[in-house]
There are 2 protein chains.
Amino acid sequence: MSDLSIDVVAKAAGVHRSTVSRAFSRPEAVKSETREHILRVAEGLGYTMSPLAQALRRKTSTFVPLIVPDITNPFFAELAKTMTQAADERGYQLLLCVTNGDPAKTDGYFTAMQAMYAPFGIVAPSTKVDTKALKRFDFGHKVVVIDRVEGDDTVPTVTVDSRRGIMLALDHLHGLGHTSIGYVSGIAGTHTAQDRMDAYLEMTAQSGGTPIVLDSGSDLDAGTRGAEHFLQMGNPPTAIIAANDMVAFAVISALGRSGVRVPDDVSVIGFDGLALGARFNPALTTIRQPIADMGHIAIELAEKQNADGSVDHIVLEPELLVRGSTSEPRK
Amino acid sequence: MSDLSIDVVAKAAGVHRSTVSRAFSRPEAVKSETREHILRVAEGLGYTMSPLAQALRRKTSTFVPLIVPDITNPFFAELAKTMTQAADERGYQLLLCVTNGDPAKTDGYFTAMQAMYAPFGIVAPSTKVDTKALKRFDFGHKVVVIDRVEGDDTVPTVTVDSRRGIMLALDHLHGLGHTSIGYVSGIAGTHTAQDRMDAYLEMTAQSGGTPIVLDSGSDLDAGTRGAEHFLQMGNPPTAIIAANDMVAFAVISALGRSGVRVPDDVSVIGFDGLALGARFNPALTTIRQPIADMGHIAIELAEKQNADGSVDHIVLEPELLVRGSTSEPRK
DNA sequence: AGTGTTATTGCAACCGATCTCAGCAACCGA
DNA sequence: TCGGTTGCTGAGATCGGTTGCAATAACACT
């Protein structure tokens with residue numbers, strides 16, 4: 001039950017250890033008869049190959065690091081979940097690395113992963129990624145980023161169309177009859193977050209409205225501050241777009257503490273489409289990002305880059321998810 | 001910048017590779033002069049030891065698997081977060097393994113971790129753990145379980161005192177004037193979940209009340225069903241204890257959809273103390289589990305067992321966290 | 001039968017460390 | 001001055017596989 005090395009199996013099967021090795025990793029190079037015999041013996045012994053030894057010799061492994069700033073944030077949690085699945089559908093093992101937003105830790109993970117011969121990595125950043133830093137590691141040449149990156153086309157990315165998402169939100173709110181719509185930024189200092197805000201600013205201006213940015217911070221308290229700001233206004237907007245679901249939760253919670261009801265007094269729409277939103281009070285209307293797709297695509301992109309060196313930038317379509325936190329403005 | 005093996009450093013420092021090895025892993029065995037020189041050279045080259053090679057040779061590594069059923073569940077996410085920290089404070093690397101409740105996957109992770117020479121593992125189960133299954137792996141002898149386990153004292157555990165937690169909740173509610181208190185179970189089929197429910201049953205009976213179990217399922221929809229049950233009652237309880245925070249969220253959300261207000265119409269108290277609860281609407285009153293402590297203690301227990309073979313069962317004290325979802329019953 | 005291919009398998013070096021053993025120099029006491 | 005420690009370093013086997021190369025077997029063809 002222990003100490004099962006390849007030599008043990010080899011002996012038991014009456015062949016050389018290299019043959020056993022081939023039987024597992026290059027089946028076509030072994031006579032099918034022999035192979036089956038070996039496999040049977042191995043099976044009987046309960047033998048599995050050591051990924052460590054394999055990686056060491058092959059100088060490549062199946063460990064795929066997913067680097068996220070905070071696993072406690074449901075967005076990253078959902079990403080981690082779908083990526084785990086996507087990864088082992090393809091025979092990889094996802095290694096979750098949590099940085100807490102500390103760049104030093106990110107660096108640490110990169111060197112570690114390089115040492116583990118990870119074939120590539122996925123980064124879901126909380127701030128604008130510094131591609132130069134990424135490339136200080138030769139490993140950094142094989143990274144897929146879940147965000148838009150600026151000024152560097154050499155790293156594959158997957159994102160959703162922020163403008164389109166904001167447009168969906170705005171259209172939904174306009175359709176309900178809202179004309180005064182506020183915005184609360186927050187949490188992530190990524191390009192994506194920036195894009196959402198820019199889109200909001202631009203599009204409300206275009207439609208003749210006045211942008212009302214309730215808070216533009218990028219920490220966890222943006223939602224709370226946005227709500228406070230809202231409460232202090234003499235003539236507050238009738239609807240609020242939150243940069244992401246977590247912020248929307250915070251906004252609604254803070255508003256509720258002051259007796260402001262959603263959607264009765266003000267409509268709130270989020271951005272992310274977290275499963276959790278369906279269990280919020282009220283259930284959150286939001287712009288859904290296809291998180292599951294993002295996971296699969298990120299891995300495909302990485303594999304593609306490894307294979308033929310191509311660098312793609314995939315932009316996914318978001319989708320409006322109407323639940324309970326938006327309604328017609330009260331007259 | 002690449003191909004940095006121990007031999008390269010050895011050559012550069014003019015010593016044998018075994019000396020370099022010692023300089024890193026057994027500093028006291030090398031003349032301090034030599035050691036410092038080696039370290040300096042290594043530093044200059046940007047050298048780090050290969051954890052793979054180390055693990056292979058030493059037959060022990062610093063990889064610590066944390067096996068959870070669902071990382072999307074904030075409880076496990078918070079656990080993962082604190083354990084990550086606890087782990088690398090002690091020089092371990094936490095490997096997050098998500099099973100989705102599939103025992104086969106759990107098995108897979110165990111063999112994998114055994115192959116990686118993990119010194120021990122932590123299991124946060126979603127169902128009663130089968131210690132027999134655990135021990136089919138020699139690795140299984142070095143596992144700490146985050147739950148109470150029955151009929152097997154040989155595996156270390158860390159839990160919180162469920163009875164005490166329920167008592168805290170009941171006392172709080174009684175103090176506010178509630179006499180009719182319902183209960184919604186849910187999500188986890190663990191001993192812990194069982195204990196909470198048993199405690200509720202027992203203690204309300206003791207205080208002369210009638211237990212009202214709104215739902216006793218153990219899936220994600222228990223909360224919703226519990227709320228439905230509540231709505232159909234002619235004379236519903238004035239307060240509800242939820243087996244955990246996620247269930248409480250679902251209860252409040254479902255209640256809200258039917259126009260029932262928390263805490264105005266009914267008080268709801270959760271169990272877990274998730275950070276997310278503070279951002280719920282209303283902010284959730286709950287029984288806080290010391291999740292951070294659990295993480296640290298789990299690792300300590302594992303190390304202790306590794307060191308002297310001792311098997312401890314730590315029971316932590318929960319704590320009442322009063323936020324906005326409970327108030328006096330309406331008359 | 002003789003020769004050229006091709007399919008299989010064994011051999012042995014190698015991946016990047018660790019660790020036991022042995023060698024050697026400096027040091028101690030008598 | 002000599003045997004006995006002690007401190008430090010080098011040699012080389014080893015962990016569990018992989019892989020290029022050589023050897024042999026098997027088969028095809030003329």
Side-chain angles (χ1 to χ4, degrees), chain A residues 1-39 41-42 45-63 111-119 138, chain B residues 1-39 41-42 45-63 111-119 138:
Chain A
M1 191 123 302
S2 53
D3 262 77
L4 280 185
S5 75
I6 198 173
D7 293 284
V8 177
V9 179
K11 222 147 296 167
V15 297
H16 191 264
R17 82 188 180 299
S18 50
T19 306
V20 177
S21 171
R22 286 180 197 115
F24 279 92
S25 25
R26 217 140 35 80
E28 73 285 1
V30 174
K31 200 192 343 180
S32 59
E33 231 175 297
T34 325
R35 170 168 30 97
E36 274 160 32
H37 173 230
I38 293 177
L39 259 29
V41 171
L45 263 46
Y47 166 80
T48 8
M49 286 229 173
S50 159
L52 260 49
Q54 277 191 162
L56 180 58
R57 184 58 234 249
R58 297 203 220 185
K59 282 174 172 296
T60 176
S61 71
T62 56
F63 303 124
T111 55
M113 289 312 134
Q114 190 171 334
M116 305 258 286
Y117 298 112
D138 18 351
Chain B
M1 191 125 298
S2 54
D3 262 77
L4 280 186
S5 76
I6 197 173
D7 294 284
V8 177
V9 179
K11 223 148 298 167
V15 298
H16 190 264
R17 78 188 180 297
S18 42
T19 306
V20 177
S21 172
R22 286 179 197 115
F24 279 92
S25 25
R26 215 142 35 79
E28 74 285 1
V30 175
K31 201 199 331 185
S32 59
E33 231 176 295
T34 324
R35 168 167 33 95
E36 274 161 31
H37 172 229
I38 293 178
L39 259 28
V41 171
L45 263 46
Y47 166 80
T48 9
M49 286 229 175
S50 160
L52 259 49
Q54 272 191 166
L56 179 59
R57 184 59 233 251
R58 297 214 252 220
K59 279 172 171 301
T60 176
S61 70
T62 56
F63 303 123
T111 55
M113 288 312 132
Q114 190 171 333
M116 306 258 287
Y117 298 113
D138 19 351

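Chain letters run A, B, ... following the sequence lines, proteins first, then strands; residues in each count from 1.
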Chemist: Considering only D:dG16, D:dC8, D:dT18, which nucleotide approaches the side chain of A:S21 most closely?
Modeler: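 Closest nucleotide to the A:S21 side chain: D:dT18.
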
Chemist: Take atom CZ of A:R57 and atom P of C:dA12, then tell me their distance rounded to the nearest Å.
Modeler: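 Whole-Å distance recorded here is 16 Å.
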
Chemist: Of the nucleotides C:dT18, C:dG16, D:dC15, which has the atom closest to the B:S5 side chain?
Modeler: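 Between C:dT18, C:dG16, D:dC15, the one nearest the side chain of B:S5 would be C:dG16.
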
Chemist: Taking atom OG of B:S25 and atom CE of B:M49, what is their separation to the nearest 0.5 Å?
Modeler: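 Between atom OG of B:S25 and atom CE of B:M49 there are 5.0 Å.
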
Chemist: Has A:Q54 got a side-chain N or O lying under 4.0 Å from the OP1 or OP2 atom of D:dG16?
Modeler: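 No, no such contact exists.
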
Chemist: With heavy atoms under 4.0 Å as the rule, sort B:Y47 into base, sugar-phosphate or nothing.
Modeler: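 The residue B:Y47 makes sugar-phosphate contact but no base contact.
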
Chemist: To the side chain of B:S50, which of C:dA12, C:dA17, D:dC8 is closest?
Modeler: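 Nearest to the side-chain atoms of B:S50, counting from C-beta on, is C:dA17.
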
Chemist: Pair B:V41, B:H37 - check side chain to side chain contact (heavy atoms under 4.5 Å, CB included), show working.
Modeler: CA-CA 6 Å; B:V41 171; B:H37 172 229; 3.5 Å; yes

Chemist: Given atom CD1 of A:I38 and atom C1' of C:dG10, what is their separation to the nearest angstrom?
Modeler: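 A:I38 atom CD1 is separated from C:dG10 atom C1' by 12 Å.
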
Chemist: Looking only at side-chain atoms of A:A53, point me to the closest of D:dG10, D:dC8, D:dG17.
Modeler: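 Ranking D:dG10, D:dC8, D:dG17 by closest atom to the A:A53 side chain puts D:dG17 first.
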
Chemist: Which nucleotide in the list C:dT8, D:dT9, D:dC15 gets nearest to the side chain of A:T34?
Modeler: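 Of C:dT8, D:dT9, D:dC15, C:dT8 is nearest to the side chain of A:T34.
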
Chemist: Within the distance-only criterion (no hydrogens, no angle test), does the side chain of A:R17 pair as donor or acceptor with the backbone N or O of A:A10 below 3.5 angstrom?
Modeler: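 No.
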
Chemist: Measure centre to centre between the rings of B:F24 and B:Y47, then say whether the value is under 6.0 Å.
Modeler: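 B:F24 vs B:Y47: aromatic centres under 6.0 Å.
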
Chemist: Any idea which of D:dT9, C:dT9, D:dG16 is nearest the B:K31 side chain?
Modeler: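 The listed nucleotide nearest to B:K31's side chain is D:dT9.
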
Chemist: Once you round to the nearest 0.5 Å, how far does CG of B:L52 lie from OG of B:S61?
Modeler: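 Answer for the CG-OG pair, B:L52 versus B:S61, is 9.5 Å.
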
Chemist: Are A:I6 and A:S21 packed together at the side-chain level, in the sense that at least one heavy-atom pair is separated by less than 4.5 angstrom?
Modeler: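 The answer is yes, as the side chains (C-beta and beyond) meet within the 4.5 Å cut-off.
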
Chemist: In whole angstrom, what separates A:M49's CE from D:dT19's C1'?
Modeler: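 Result: 13 Å.
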
Chemist: From the set D:dG17, C:dA17, C:dC21, return the single nucleotide nearest to any side-chain atom of B:R22.
Modeler: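 The nucleotide sitting nearest to the side chain is C:dC21.
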
Chemist: Taking donor-acceptor contacts at under 3.5 Å, does the side chain of A:S18 reach the base of C:dC11?
Modeler: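 Such a pair is found, so the answer is yes.
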
Chemist: Is A:V20 touching bases, backbone alone, or none of the nucleic acid, heavy atoms closer than 4.0 Å?
Modeler: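 Since no nucleic acid heavy atom lies under 4.0 Å of A:V20, the category is nothing.
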
Chemist: Nearest to the side chain of B:H16 - D:dG10, C:dA17, C:dT9?
Modeler: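 When the side chain of B:H16 is considered, D:dG10 is the closest of D:dG10, C:dA17, C:dT9.
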
Chemist: Does any donor-acceptor pair link the side chain of A:R17 with the base of D:dG17 at a separation under 3.5 Å?
Modeler: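 Per atom types, the contact qualifies.
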
Chemist: Rounded to whole Å, please give me the gap between NZ in A:K59 and P in C:dC15.
Modeler: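 Interatomic distance, NZ of A:K59 to P of C:dC15: 7 Å.
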
Chemist: With a 3.5 Å distance limit and no angle check, can you tell me whether A:R22 reaches the backbone of A:V30 through a side-chain donor-acceptor pair?
Modeler: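 Side chain of A:R22 to backbone of A:V30: no pair is present.
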
Chemist: From CZ of A:F24 over to C1' of C:dT9, roughly how many Å is that when rounded to an integer?
Modeler: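 The answer, rounded to whole Å, is 17 Å.
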
Chemist: What contact category does A:A55 fall into here, base, sugar-phosphate, or nothing, at under 4.0 angstrom with non-hydrogen atoms?
Modeler: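 Nothing, no heavy atom under 4.0 Å.
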
Chemist: Output the rounded distance in Å from OH (B:Y117) to C1' (D:dG17).
Modeler: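 Value for this atom pair: 11 Å.
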
Chemist: Taking atom types as they are modelled, is there a donor-acceptor pair under 3.5 Å from the base of C:dT18 to the side chain of B:R58?
Modeler: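 When only heavy-atom distances are counted, B:R58 does not reach the base of C:dT18 through any donor-acceptor pair under 3.5 Å.
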
Chemist: Are more than 12 heavy atoms from other residues, nucleotides or ligands located less than 6.0 Å from atom CD of A:E33?
Modeler: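 Counting other residues, nucleotides and ligands, CD of A:E33 stays at 12 neighbours or fewer.
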
Chemist: At 4.0 Å (heavy atoms only), tell me whether A:T48 reaches a base, stays on the sugar-phosphate, or touches nothing.
Modeler: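 Since only primed, P, OP1 and OP2 atoms lie under 4.0 Å of A:T48, the category is sugar-phosphate.
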
Chemist: Please give, in whole Å, the distance from D:dG16 C1' to B:M116 CE?
Modeler: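 Interatomic distance, CE of B:M116 to C1' of D:dG16: 15 Å.
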
Chemist: Run through DNA chain C and report every stem of 3 or more consecutive Watson-Crick or G-U pairs, distances under 3.5 Å, ordered by first number.
Modeler: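 DNA chain C stems, ordered by first number: C:1-30 with D:1-30.
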
Chemist: Whole angstrom is fine here: how far is it from CD in B:E28 over to P in D:dT9?
Modeler: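 It works out to 13 Å between those atoms.
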
Chemist: How far does CG of A:L56 sit from CZ of B:R57, to the nearest 0.5 angstrom?
Modeler: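 Spacing of CG (A:L56) from CZ (B:R57) equals 12.5 Å.
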
